[in-house]
Structures are given as structure tokens and as C-alpha cells.
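Here is the structure we will look at, set down as C-alpha cells.
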Amino acid sequence: MGQKINPLGFRIGITEPHRATWFARGKEYGRLVAQDHQIRDYLKRRFKSAAIEKIHIERKADRTTVTLHSGRPGVVIGKRGAEIDLVTRELEKVSNSKVKVNIIEVRKPQICGQLVAENVADQLERRGSFRRAIKRAVEEAMREGAKGCMVKISGRLGGNEIARSEAERQGSVPLNQLQANIDYGYAMARTTYGIIGVRVWVHHGRYEEQEN
């Protein structure tokens, strides 16, 4: 089971918190889900170079709090906070409520699954060697303290006619253990030969070890 599912969805409510915290009934629920997607899509497009790992959305009464986990917080803030003020106004239009934007810096982007996947996808779009890209990503993750890392890419690698998969793995990546903290990331590289999917699993150890 652990091999077939997003590790975050597999652990939601058990060892991982939800990335959207709010409550709604009836048609209001569907509207807010669509609004969350719109907010995340807007922020990802606007701050493509800011290395955004994840976006947490929390709604309370008439206020919406959006927390960005970014590897380059300076890009999000902008010069003298101009960029963050502009984004706040845009999000208030989308959500029809007051919005507060928080920024949390990602200390080690080399062991964040989503950021690793986006970095590999970027190298593939620049026509870099796919074998070198995935090997370097795994080695950097292990060097930064990951217990294990696996990168898998699928598509027309190297422009070949037949699509195939290639993977690089080091260390332990137990995907079927709920107590194992697995960080998962997915990205798509849009190349001239077609789309190449990039999936990354980073093992940070067991949850109880990190709490202690």
C-alpha cells in the first residue's frame, strides 16, 4: 500500500497535520476547496523562483492566514516588504476576507522532497543529464542528514522513442511504515520531447526520534 499512495495522504490525521485548517458545511465547503486551490496555484506561479515547499491555509471567522514555507524568503518579501503587501491585497480579493501572510524559512532545501523534485525537473528542462541530476540530488540529501532518499523519473528520457523509468536510491526508504517520516515531492519537467515526471521520497527517520 505504501508504494502506491502519496506518503502525506497516507499519514494525514495519524502523524501528519492537514495543510488546510477550516470548517464549512454544504456548498460552502466546495467553494472553499476551490478557493484554496486558487490561492496555492497563484502563489506557486508568482513565486516560482522562491523555492516554496508547502502552503498552509487556516481560516478563522473573517480572517485567512496563509503560511508559506520557502527556501528563499527574501524573494517573497521583496524590497522593503513591497512584494508581500501586494500579494496580501491580491489574496484578499480572492478570499473576500482579511488575509495575513506568514513566511517560514526552509533551512535545508536539499532534504525537502518537493524542492528536490522541482530542482531535478528544472535541470531536465535545461537539457541536463538526467542520470547526473538524480544522482546529485540523492547524494546531497544524504550529505545533509537524510536517513534515505529515492528519486524516480519517468518519461522519454534523453529523447528516446519509448518512455521508461530510471531511479536512484541510497539509504533506507520504508514507504509502508506509518511511523517513518517520509517527505514526498512531485514535479513535472516540460521538455521538447514531452513531460517527464519526477518523484522524490526523503526519509527523515522515525517521528518519535525527532520529538525526543
Side-chain angles (χ1 to χ4, degrees), residues 6-9 16-22 32-59 63-95 97-128 130 133-134 136-141 143-146 149 151 153 181-191 195-202 204:
N6 185 317
L8 175 64
E16 287 288 337
H18 289 268
R19 293 189 178 176
T21 309
W22 46 264
L32 292 180
V33 169
Q35 197 178 94
D36 280 5
H37 176 73
Q38 191 177 355
I39 290 172
R40 287 192 170 94
D41 186 54
Y42 168 75
L43 292 172
K44 274 286 190 180
R45 281 188 286 106
R46 187 174 185 88
F47 299 117
K48 192 174 182 180
S49 61
I52 294 178
E53 181 202 4
K54 59 186 175 185
I55 300 170
H56 182 264
I57 300 173
E58 183 179 2
R59 301 177 193 269
R63 177 179 288 274
T64 301
T65 303
V66 179
T67 304
L68 296 173
H69 295 254
S70 172
R72 300 182 193 131
V75 176
V76 181
I77 297 170
K79 191 174 182 181
R80 297 181 181 176
E83 192 69 24
I84 199 71
D85 292 339
L86 182 61
V87 167
T88 300
R89 288 195 294 270
E90 289 292 329
L91 294 181
E92 285 177 348
K93 292 178 184 177
V94 173
S95 63
S97 65
K98 292 182 180 179
V99 173
K100 181 183 179 183
V101 179
N102 297 326
I103 304 169
I104 297 176
E105 183 181 1
V106 177
R107 298 288 184 181
K108 294 183 177 180
Q110 296 88 350
I111 55 175
C112 293
Q114 184 61 35
L115 299 185
V116 173
E118 290 177 3
N119 182 39
V120 172
D122 183 57
Q123 292 181 56
L124 295 178
E125 288 178 350
R126 295 181 182 182
R127 301 188 178 185
F130 63 88
I134 61 176
R136 185 185 301 157
V138 171
E139 288 175 350
E140 286 181 356
R143 197 180 303 122
E144 288 295 328
C149 180
V151 179
I153 56 176
N181 184 358
I182 304 291
D183 191 11
Y184 174 76
Y186 174 75
M188 291 188 297
R190 292 171 172 83
T191 69
I195 290 177
I196 297 177
V198 182
R199 292 184 291 167
V200 176
W201 296 263
V202 181
H204 293 286

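Numbering of residues begins at 1 and proceeds along the displayed sequence.
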Let me know which of Gln38, Arg45, His37 forms a side chain to side chain donor-acceptor pair (under 3.5 Å) with Asp41.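 The side chain to side chain donor-acceptor pair (under 3.5 Å) with Asp41 is passed solely by Arg45 among Gln38, Arg45, His37.
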Between His56 and the options Thr67, Asn102, Thr21, the side chain to side chain donor-acceptor pair (under 3.5 Å) test singles out Thr21
Determine which pairs satisfy salt bridge (Lys or Arg N to Asp or Glu O under 4.0 Å) with at least one residue from residues 66-76, sequence neighbours left out, and list them in order.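 Qualifying pairs, neighbours excluded: none.
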Those residues that, when tested against Glu53, pass salt bridge (Lys or Arg N to Asp or Glu O under 4.0 Å) (two or more places apart):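 So Glu53 forms no salt bridge (Lys or Arg N to Asp or Glu O under 4.0 Å) with any residue.
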In chain order, what residues pass the salt bridge (Lys or Arg N to Asp or Glu O under 4.0 Å) check against Glu58, with sequence neighbours excluded?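 For Glu58, the residues satisfying salt bridge (Lys or Arg N to Asp or Glu O under 4.0 Å) (neighbours in sequence not counted) are Lys60.
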Going by heavy atoms in the side chains, are [X] and [Y] under 4.5 Å from each other?
| X | Y | result |
| --- | --- | --- |
| Thr88 | Leu86 | no |
| His204 | Asp183 | yes |
| Val75 | Lys48 | no |
| Ile103 | Ile84 | yes |
| Ile77 | Glu83 | no |
| Leu43 | Val66 | yes |
| Ile57 | Thr65 | no |
| Val151 | Phe130 | no |

Indicate every side-chain donor-acceptor pair of residues 109-116 with a distance under 3.5 Å to a residue at least two apart or in another chain.
unit_1, atom_1, unit_2, atom_2, d
Gln114, OE1, Tyr186, N, 3.2
Gln114, NE2, Glu118, OE2, 2.9
Gln114, NE2, Tyr186, O, 3.1

Whether [X] side chain and [Y] backbone form a donor-acceptor pair below 3.5 Å:
| X | Y | result |
| --- | --- | --- |
| Thr191 | Glu125 | no |
| Lys44 | Ile52 | yes |
| Arg40 | Ile55 | yes |

Who passes ring-ring contact (aromatic ring centres under 6.0 Å, His included) against Phe47, sequence neighbours left out?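 ring-ring contact (aromatic ring centres under 6.0 Å, His included) check on Phe47 returns nothing, list empty.
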Please test Ile134 against Ile153 for side chain to side chain contact (heavy atoms under 4.5 Å, CB included), starting from the C-alpha separation and ending with a verdict. CA-CA 8 Å; Ile134 61 176; Ile153 56 176; 3.9 Å; yes
Between Ala121 and Ala189, what is the shortest heavy-atom contact and its length? O-CB, 3.5 Å
Where do Val99 and Ser95 come nearest, in terms of heavy atoms and distance? CG2-OG, 3.3 Å
Evaluation steps, side chain to side chain contact (heavy atoms under 4.5 Å, CB included), between His69 and Glu105: CA-CA 6 Å; His69 295 254; Glu105 183 181 1; over 6 Å; no
Which residues satisfy the side-chain hydrogen bond (donor to acceptor under 3.5 Å, both in side chains) test with Asp85, sequence neighbours excluded?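 Scan of Asp85 (side-chain hydrogen bond (donor to acceptor under 3.5 Å, both in side chains), adjacent residues dropped) gives none.
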To the nearest 0.5 Å, tell me how far [X] [atom1] sits from [Y] [atom2].
| X | Y | atom1 | atom2 | value |
| --- | --- | --- | --- | --- |
| Tyr184 | Leu8 | OH | CG | 10.5 Å |
| Arg59 | Ser97 | CZ | OG | 6.5 Å |
| Trp22 | Asp36 | CH2 | CG | 5.5 Å |

For Arg190 and Ile196: C-alpha separation, side-chain torsions, deciding distance, then whether side chain to side chain contact (heavy atoms under 4.5 Å, CB included) applies. CA-CA 7 Å; Arg190 292 171 172 83; Ile196 297 177; over 6 Å; no
Go through Thr64 and Leu91 one step at a time and tell me if the side chain to side chain contact (heavy atoms under 4.5 Å, CB included) criterion holds. CA-CA 9 Å; Thr64 301; Leu91 294 181; over 6 Å; no
